[in-house]
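Reading through the structure tokens given below for one structure.
Chain naming here is simple, since letters A, B, ... match the order of the sequence lines and numbering starts at 1 in each.
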Protein chains: 2
Amino acid sequence: MYKPITIKDIARALAISPSTVSRALSDSYEINELTKKRILDYAEEHKYKRNPIASSLRHGRSYSIGVVVCEVANSFFSQAINGIESVAYAKGYHVIISQSHDAYEREVMNIQHLANRSVDGLLISMSAETTDFSHIVDLHGRGLPFVFFDRIINEFETHTVTVNNREGARKATQSLIDKGFRHIVHLANAPHLSITAERLEGFKDALRDNQLPYTDSLVRYCHHGGRLQEEIEDAVAYYANLDQKVDAIFVASDRLSMGCIQAYHQLQPVAQHPAIAGFSNSDSLNMLQPDFTCVRQPAFEMGRAATEKLIQLIESRYPVYHFENIVLETEIITH
Amino acid sequence: MYKPITIKDIARALAISPSTVSRALSDSYEINELTKKRILDYAEEHKYKRNPIASSLRHGRSYSIGVVVCEVANSFFSQAINGIESVAYAKGYHVIISQSHDAYEREVMNIQHLANRSVDGLLISMSAETTDFSHIVDLHGRGLPFVFFDRIINEFETHTVTVNNREGARKATQSLIDKGFRHIVHLANAPHLSITAERLEGFKDALRDNQLPYTDSLVRYCHHGGRLQEEIEDAVAYYANLDQKVDAIFVASDRLSMGCIQAYHQLQPVAQHPAIAGFSNSDSLNMLQPDFTCVRQPAFEMGRAATEKLIQLIESRYPVYHFENIVLETEIITH
DNA sequence: CTGAAAGCGCTAACAT
DNA sequence: ATGTTAGCGCTTTCAG
């Protein structure tokens, strides 16, 4: 059907050898300027397109990188993907996106699938449910480069890109305290995620700074990252039953904030909700909750940085022993 | 670095020919059961993975399909993508997603890029800005299969998957009328999109059914599909200046509804907004606007159907002359 | 500066 | 039932 023109076709038409054509197209130096021009003109005119599959086979590389995030319909991740694509395309790589939906099985399946599809490297933000990392450790051990962003693991050394979660969490909590709230709880993500522990520390920092008491009972975890609305509703119900009336919540993520507001909407009018502050890269959330304070992550920049490091790993001719753990700052938006 | 085991390696280890190994792995019938078992066991044990690049080169197909949507951070499209992936993965195809951000240049670039990357076919929902279709017509003419969903074009015959936009629009508008609103306007998408004309017809139908007058001045178009918040603000400002006070708006899309609510938020308290009804697959929108009536499209199902038709086209041994235009029904959710 | 030849990994004719 | 061979399109020695 769709039969594109090949290097051989050009060679035949111009009565030269395929290798010369290849050289012209890859802009080799050892070629006559005139021959090169003839070839390039012909290629242009006949809309020659290099066959990337053949090229990949030859080079043993696919010039594509895999991305695994929990979901794309999420402001943070979609912005990060834009950053990833901007770098990847500029460097001639293709981006293959897949979603884990925060489920362990889907994460394993996707990573396996991408590795089979011979991506040259993987950019991962861990699924909330994952506690067994052997699928990743295994592939990494076999030489596949990985870079983690946002939700990282420490099973082996590699580049990572994160934000200063602890400080972001502290600032968000502090903003609630500044507004006069004293009974502040924390709606947290899955307990084994790297970001969960860090954000919890920031929450504690803020309480401590203000001589407010901390107990573990102030924290509710969502083991599926909010994938089940039920887990959020349980937390909200739990807060409602505390002896102390909760007047503010520090929420660990966008999705949880959304679920949280949704849960309260079913219970009572907006005016009576606790105040909410939390990590969020969504523009619509602060419309929902008029006084919503959010901690913005530089998602686009994180995607960019992670991709740059990954491509460095992929293109490095020598084994890499020195890894960078890039930590960017968050920005807080108060109302 | 990462040197996977090949068919040759297996052949050498078992002292048989590569073709036999290939036959065993592709489950050919003309092979001794015992030999087959030996090979499969060895492959399993050594974690053999077929090299899809070599396989693609050989078959002249990449077993991947390209998807072009305006953006993934959009409930409708992310649900559609889930449907696309469910079918594609099941049939052994990979999915490569790209975003046009409703911009013509990016759409052209992405489609070009995907075609170069030798996808076997393309699943497209048109960008709002696109009025020149030659980049698509050209590739289609050269034999690349296309299936359109949601936002289609009629430059050539092929399979399409849409919803009954006219009826959905009529029902949404009718629901506003049922609530007692009489001065209803329509915030529309880009005028050249297929869905725009259809939804406008439904809007007119509802007005006519209720003996309400229609004039073109009731309709405002967003030429960039709401990509620029400005275009929505202009429309809202225009409504505010009408002689007749607008008491309800029928909005053509999710993104426009969001932008519309956002624009009103800047102007006046929620209680004084006009009522809104519109096409939306987002769960969060009805929280924003308490009485928001939405028309849900079966996005997942649309993705599924489109992918099935595309794979049919790809795998058909003969030129296809009979095309299906699948039209699904919408569901309306009132409050 | 250009050409001939080999090979990336896989598979489908064509033998045997 | 198995082996031999050739080739998908591209690139890279190695020779000239």
Side-chain angles (χ1 to χ4, degrees), chain A residues 1-40 42-43 46-64 92 115-120 143 317, chain B residues 1-40 42-43 46-64 92 115-120 143 317:
Chain A
M1 307 224 78
Y2 178 56
K3 261 269 157 229
I5 173 174
T6 74
I7 278 188
K8 276 189 190 169
D9 297 330
I10 301 182
R12 209 174 310 117
L14 265 46
I16 51 181
S17 80
S19 31
T20 305
V21 178
S22 173
R23 273 189 279 256
L25 293 168
S26 50
D27 204 22
S28 164
Y29 55 96
E30 44 174 20
I31 188 168
N32 183 302
E33 275 304 320
L34 208 109
T35 324
K36 183 154 125 189
K37 187 166 175 1
R38 279 210 310 149
I39 294 170
L40 291 182
Y42 187 95
H46 291 75
K47 295 193 205 297
Y48 167 81
K49 296 278 157 44
R50 150 194 275 110
N51 178 333
I53 293 183
S55 196
S56 293
L57 180 60
R58 186 65 237 260
H59 285 117
R61 314 222 272 100
S62 65
Y63 292 97
S64 65
N116 286 356
R117 269 300 179 188
S118 27
V119 291
D120 297 335
R317 277 118 173 281
Chain B
M1 309 222 77
Y2 178 55
K3 261 267 158 231
I5 173 174
T6 74
I7 278 189
K8 276 189 191 167
D9 297 329
I10 301 182
R12 208 175 310 117
L14 266 48
I16 50 182
S17 82
S19 38
T20 305
V21 178
S22 174
R23 272 188 280 255
L25 292 169
S26 50
D27 203 24
S28 163
Y29 54 96
E30 44 176 20
I31 189 169
N32 183 303
E33 275 303 321
L34 208 106
T35 326
K36 182 154 126 189
K37 187 168 176 356
R38 279 209 310 149
I39 294 170
L40 291 181
Y42 187 94
H46 292 74
K47 295 192 203 296
Y48 167 81
K49 297 277 157 45
R50 150 195 274 109
N51 178 334
I53 294 183
S55 196
S56 293
L57 180 60
R58 184 70 236 263
H59 285 117
R61 313 222 274 100
S62 65
Y63 292 97
S64 64
N116 287 355
R117 265 310 189 192
S118 26
V119 292
D120 297 336
R317 278 119 171 283

Rounded to whole angstrom units, what separation is found between the [atom1] atom of [X] and the [atom2] atom of [N]?
| X | N | atom1 | atom2 | result |
| --- | --- | --- | --- | --- |
| I39(B) | dG3(D) | CD1 | P | 9 Å |
| L57(B) | dG7(D) | CG | P | 14 Å |
| N51(B) | dC8(C) | CG | P | 12 Å |
| K37(B) | dT2(D) | NZ | P | 15 Å |
| I53(A) | dG7(D) | CD1 | C1' | 16 Å |
| R12(A) | dG9(D) | CZ | C1' | 12 Å |
| H59(A) | dT13(D) | NE2 | C1' | 13 Å |
| I10(B) | dG9(C) | CD1 | P | 13 Å |

Sugar-phosphate only, base, or nothing, as touched by [X] at under 4.0 Å among non-hydrogen atoms:
| X | value |
| --- | --- |
| I31(B) | sugar-phosphate |
| R23(B) | base |
| T35(B) | sugar-phosphate |
| I16(A) | sugar-phosphate |

First encountered from the 5' end of DNA chain D, between E33(B) and I7(A): E33(B)
Residue-phosphate contact under 4.0 Å: [X] side-chain N/O, [N] OP1/OP2:
| X | N | result |
| --- | --- | --- |
| S17(A) | dA4(C) | no |
| S22(B) | dT11(C) | yes |
| Y48(A) | dG9(D) | no |
| S19(A) | dT12(D) | no |
| K8(B) | dC8(C) | yes |
| S55(B) | dT11(C) | yes |

Donor-acceptor contact below 3.5 Å, side chain S55(B) vs main chain N51(B): no
Side chain S22(A), main chain P18(A), donor-acceptor under 3.5 Å: no
Shortest non-hydrogen contact between I5(A) and Y48(A), atoms and distance: O-CD1, 3.3 Å
Nearest heavy-atom neighbours spanning S62(B) and D120(B): N-OD1, 2.8 Å
Shortest side-chain distance from A54(B), nucleotide among dC1(C), dC8(C), dC10(C): dC10(C)
R58(A), nearest nucleotide to its side chain (from dG3(D), dT11(C), dG9(D)): dG9(D)
Audit row: I39(A), I16(A), side-chain contact (heavy atoms from CB on, under 4.5 Å) steps and yes/no: CA-CA 10 Å; I39(A) 294 170; I16(A) 51 181; 3.6 Å; yes
Mutual orientation of the aromatic rings belonging to H59(A) and Y63(A) [parallel < 30°, tilted 30-60°, perpendicular > 60°]: perpendicular
